[in-house]
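Below is one structure; the comments refer to it alone.
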There are 2 protein chains.
Amino acid sequence: MLAAVRSALEELVKEKGSEYVTVPMIAERAGVNPSSIYRRWGDLPTLINEIATYRLDPARPLPDSGDLRQDLLAWAGELVTHYSIPVNAALLRAGAATAGEQESDCLRNRRSEAVMFVERAGAVIGSDEIIDHIVAPVIYRVIFAPWTLTGETAAGLVEQLFSRTP
Amino acid sequence: MLAAVRSALEELVKEKGSEYVTVPMIAERAGVNPSSIYRRWGDLPTLINEIATYRLDPARPLPDSGDLRQDLLAWAGELVTHYSIPVNAALLRAGAATAGEQESDCLRNRRSEAVMFVERAGAVIGSDEIIDHIVAPVIYRVIFAPWTLTGETAAGLVEQLFSRTP
DNA sequence: TTCCTAACGCAAAAGGGTTTGCTTTACGGA
DNA sequence: TCCGTAAAGCAAACCCTTTTGCGTTAGGAA
């Protein structure tokens with residue numbers, strides 16, 4: 001059932017936007033009963049939040065070429081590719097609405113990945129800078145200006161980050 | 001009526017989060033009839049989007065000291081101050097959910113302001129860089145990690161932007 | 001002042017979302 | 001195999017949201 005609900009939600013969120021999706025809609029598309037969804041998740045925002053979280057597998061292998069810049073380039077490209085898929089972008093937007101005072105899972109993973117890169121490379125660059133100047137611009141574009149997200153976005157951001165004076 | 005609805009929505013969005021606000025709630029708090037809201041805005045997402053837009057007055061005077069860096073610093077500080085107010089942050093998050101294929105008004109203004117700075121200063125820096133490395137990090141923090149938004153955030157970002165090799 | 005129009009209040013009705021009690025199914029351990 | 005438990009289906013009831021028709025009010029133009 002989880003799988004059916006997940007893909008139903010993904011489809012609907014892409015088709016209509018998360019504000020216009022309802023529990024009965026999801027239930028019908030998933031071939032389950034609305035009451036099953038209510039019992040399991042309580043309400044729609046909770047459901048959306050949970051589904052939006054289980055994306056971009058935290059256990060996937062990270063780039064490890066030995067060169068920080070190379071790795072960041074691959075990693076950023078991965079990020080862009082992921083959110084270029086409309087479903088993922090829509091879920092991110094939905095997650096943004098429910099984010100708030102505590103860190104949302106969506107991005108905790110991104111932060112910890114950034115920390116790992118930095119530690120592995122020996123702090124030539126700060127993890128905050130990776131978040132501010134690579135992750136943030138990408139996420140910002142995904143949410144507010146998806147059409148500015150291109151194949152060159154990732155490379156451009158990494159290059160700018162590395163062109164700063166040391 | 002617009003004013004009453006606006007402040008009612010702002011209060012409720014701050015109290016409950018935008019997902020849990022309904023039209024009748026807003027109507028009651030604003031002292032108006034729900035049907036008036038429906039006739040004027042059509043539905044809740046539209047209302048939220050419009051209210052979230054009319055913030056950070058587009059007609060306000062922009063910093064103009066003659067020095068680009070100085071101006072950007074003041075401008076970024078304004079942005080941070082604005083979104084440090086919980087109501088404004090909540091409205092931004094709500095707006096994020098409804099943003100999508102066309103540019104949301106929330107940030108069109110920011111973009112045009114950036115363009116103005118660049119033109120006035122004679123293109124020593126690109127407007128895209130201002131968006132990517134100042135606006136985006138701020139907005140990202142507002143939405144996903146509000147507690148990382150401090151008094152030094154704006155200054156730090158501007159400094160980093162200017163420390164790049166020309 | 002009078003008329004016209006647009007916006008709002010009011011109330012009833014329609015529609016859809018949510019809750020709830022009960023039944024049925026599926027799975028795992030005696 | 002035979003329970004016992006947890007999850008899901010089903011259907012009815014409940015409640016809130018949304019729509020709609022109509023009366024009222026406010027503001028502007030003749």
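Proteins come first, then strands; the chains are lettered A, B, ... in the order of their sequence lines, and each starts at number 1. Only this structure's heavy atoms are used, side chains among them; waters, hydrogens and symmetry mates stay out. Treat the numbers as computed from the prediction; the structure is a model and nothing was measured.
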With a 3.5 Å cut-off and no angle check, do the side chains of B/Thr46 and B/Asp43 form a donor-acceptor pair?
yes
Do the side chains of A/Lys14 and A/Glu11 get close enough for a salt bridge, i.e. N-O under 4.0 angstrom?
no
Hey, are A/Glu50 and A/Arg40 close enough for a salt bridge, meaning a charged N less than 4.0 Å from a carboxylate O?
no
For the pair made of [atom1] in [X] and [atom2] in [N], what is the distance, rounded to whole Å?
X	N	atom1	atom2	answer
A/Arg39	D/dA8	CZ	P	10 Å
A/Leu2	D/dA8	CG	P	9 Å
B/Ile37	C/dC8	CD1	P	10 Å
A/Ile26	D/dA8	CD1	C1'	17 Å
B/Leu44	D/dT19	CG	P	12 Å
A/Trp41	C/dG17	CH2	P	18 Å
A/Asn33	C/dG21	CG	P	16 Å

Using the side chain to side chain contact (heavy atoms under 4.5 Å, CB included) definition, which of the options B/Val32, B/Leu44, B/Val13 pairs with B/Ile26?
B/Leu44
Output yes when a side-chain donor or acceptor of A/Arg141 lies under 3.5 Å from a complementary backbone atom of A/Thr148, and no otherwise.
yes
Near DNA chain C, under 4.0 Å by heavy atom, which residues of residues 9-24 of chain A?
A/Thr22, A/Val23, A/Pro24
Any side-chain N or O of B/Ser36 less than 4.0 Å from the OP1 or OP2 oxygen of C/dA7?
no
Within the structure, does a side-chain N or O atom of A/Arg40 lie under 4.0 Å from either OP1 or OP2 of D/dA7?
no
Determine whether a donor-acceptor pair (one donor, one acceptor, N or O, separation below 3.5 Å) exists between the side chain of A/Ser35 and the base of D/dC10.
yes
Contacts of type side chain to side chain donor-acceptor pair (under 3.5 Å), residue B/Ser84, not counting sequence neighbours
none
